[in-house]
Amino acid sequence: MGSAALEILGLVLCLVGWVGLILSCGLPMWQVTAFLDHNIVTAQTTWKGLWMSCVVQSTGHMQCKVYDSVLALSTEVQAARALTVGAVLLALVALFVTLAGAQCTTCVAPGPGKARVALTGGALYALCGLLALVPLCWFANIVVREFYDPAVPMSQKYELGAALYIGWAASALLMCGGGLVCCGAWVCAGRPDLSFPVKYSAPRRPTASGDYDKKNYV
């Protein structure tokens, strides 16, 4: 039962991380305008993401515009799009693989093969977390480098947006959850007595006299 609890806990963490990764991919707050000159009252804030840029007025009014051309985007934005979307889709595949190999499901017959399927699903989740870290860290490195570059004008300097922090938290959850799923599958493969106790009972069938068959099928 202990290994099944590890798998369930790991799967829950992976699902939360997957939702966080989708939010990080869709939010336009990958980089936010940096206010460095305190003598100027800025009436608007600029947000930039993977799919659109937004301008937020001091009055609270926000106007967003989707990028017109994919080819006109910078290399880091195109790469971040591809890697983040790829990580989201890979997490979806990992979900089906993990559910098929989980001890609480009956998609695969219990045994070493079922544990290997769950182990594969956990490894895919950990790979999703690592894959998502690449565009997040790359993008953050570019923002920090331009922030400290004296050649970049003050009005064009940006800070790290909230979407990056959400993405980092989601990557951590995916890797931790994938590790727990792998641990649960590994324990189940080595100690079958700790696996989830799944029993099957056949329905009772009525006999010719009208009574139910008293045989128990387990």
Side-chain angles (χ1 to χ4, degrees), residues 7 9-34 46-54 64-99 101 116-149 151-152 156-186:
E7 288 186 358
L9 177 60
L11 184 58
V12 170
L13 292 179
C14 289
L15 290 176
V16 175
W18 184 37
V19 173
L21 186 59
I22 294 175
L23 287 176
S24 176
C25 180
L27 288 176
M29 292 176 288
W30 280 59
Q31 52 183 356
V32 183
T33 302
T46 303
W47 297 346
K48 288 187 177 181
L50 300 181
W51 311 96
M52 66 182 71
S53 60
C54 298
C64 296
K65 184 178 185 301
V66 180
Y67 298 136
D68 296 327
S69 175
V70 177
L71 299 179
L73 297 175
S74 59
T75 305
E76 59 269 15
V77 174
Q78 295 184 32
R81 276 187 176 187
L83 292 174
T84 308
V85 173
V88 171
L89 295 179
L90 185 60
L92 180 61
V93 176
L95 173 62
F96 290 115
V97 175
T98 305
L99 288 177
R116 285 193 292 268
V117 173
L119 187 65
T120 303
L124 288 176
Y125 268 126
L127 180 61
C128 289
L130 291 175
L131 187 63
L133 274 180
V134 175
L136 293 168
C137 295
W138 185 15
F139 211 92
N141 177 64
I142 293 174
V143 173
V144 173
R145 188 177 68 246
E146 292 181 351
F147 183 86
Y148 291 106
D149 189 357
V152 178
Q156 298 181 9
K157 291 183 182 294
Y158 291 89
E159 293 180 347
L160 303 179
L164 293 178
Y165 296 102
I166 296 175
W168 283 325
S171 299
L173 289 175
L174 286 171
M175 289 187 288
C176 292
L180 288 177
V181 172
C182 290
C183 289
W186 185 269

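Every value quoted in this text rests on a predicted model; they were computed, and no experiment measured them.
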#### Entry: All disulfide (SG to SG under 2.5 Å) counterparts of Cys54, not counting sequence neighbours
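Cys54 satisfies disulfide (SG to SG under 2.5 Å) with Cys64 only.
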Quick check: does any side chain N or O of [X] sit under 3.5 Å from a backbone N or O of [Y], one acting as donor and the other as acceptor?
X: Glu146; Y: Val152; value: no
X: Lys48; Y: Ser53; value: no
X: Ser171; Y: Gly167; value: yes
X: Thr33; Y: Thr46; value: yes

Pairs under 3.5 angstrom only: tabulate donor-acceptor contacts from the side chains of residues 80-88 to other protein residues two or more places apart or in another chain.
| from | atom 1 | to | atom 2 | distance (Å) |
| --- | --- | --- | --- | --- |
| Arg81 | NE | Leu50 | O | 2.6 |
| Arg81 | NH2 | Leu50 | O | 3.0 |
| Thr84 | OG1 | Ala80 | O | 2.6 |

### Task
Answer whether the closest heavy-atom distance between the side chains of Leu11 and Leu95 falls below 4.5 Å.
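Leu11 vs Leu95: side chains touch.
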Please enumerate all residues that pass ring-ring contact (aromatic ring centres under 6.0 Å, His included) together with [X], with sequence neighbours excluded.
X: Trp18; value: none
X: Phe96; value: none
X: Trp47; value: none

### Message
For Asp68, give me all partners under salt bridge (Lys or Arg N to Asp or Glu O under 4.0 Å), at least two apart in sequence or on another chain.
### Response
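Asp68: salt bridge (Lys or Arg N to Asp or Glu O under 4.0 Å) contacts with Lys65.
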Looking at every non-hydrogen atom in both residues, tell me the closest pair between [X] and [Y] and how far apart they are.
X: Leu174; Y: Cys14; answer: CD2-O, 3.4 Å
X: Met175; Y: Leu133; answer: CE-CD1, 3.7 Å
X: Glu7; Y: Ala118; answer: OE2-CB, 3.9 Å
X: Ala132; Y: Pro135; answer: O-CD, 3.2 Å
X: Ser24; Y: Leu136; answer: OG-CD2, 4.0 Å

### Task
Would you check, one step at a time, whether the test side chain to side chain contact (heavy atoms under 4.5 Å, CB included) holds for Val134 with Leu130?
CA-CA 7 Å; Val134 175; Leu130 291 175; over 6 Å; no
### Message
Leu15 vs Leu173, test: side chain to side chain contact (heavy atoms under 4.5 Å, CB included). Steps then yes/no.
### Response
CA-CA 9 Å; Leu15 290 176; Leu173 289 175; over 6 Å; no
### Query
With sequence neighbours left out, what residues match Leu160 under side-chain contact (heavy atoms from CB on, under 4.5 Å)?
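For Leu160, the residues satisfying side-chain contact (heavy atoms from CB on, under 4.5 Å) (neighbours in sequence not counted) are Ala140, Val143, Val144, Leu164, Tyr165, Trp168.
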### Task
With sequence neighbours left out, write down each residue that passes side-chain contact (heavy atoms from CB on, under 4.5 Å) with Glu76, or none if nothing qualifies.
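Glu76 satisfies side-chain contact (heavy atoms from CB on, under 4.5 Å) with Ser74, Trp138, Phe139, Ile142 only.
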### Task
Before giving the answer on side chain to side chain contact (heavy atoms under 4.5 Å, CB included), spell out for Leu124 and Thr98 the whole-Å C-alpha distance, their side-chain angles and the decisive distance to 0.1 Å.
CA-CA 9 Å; Leu124 288 176; Thr98 305; over 6 Å; no
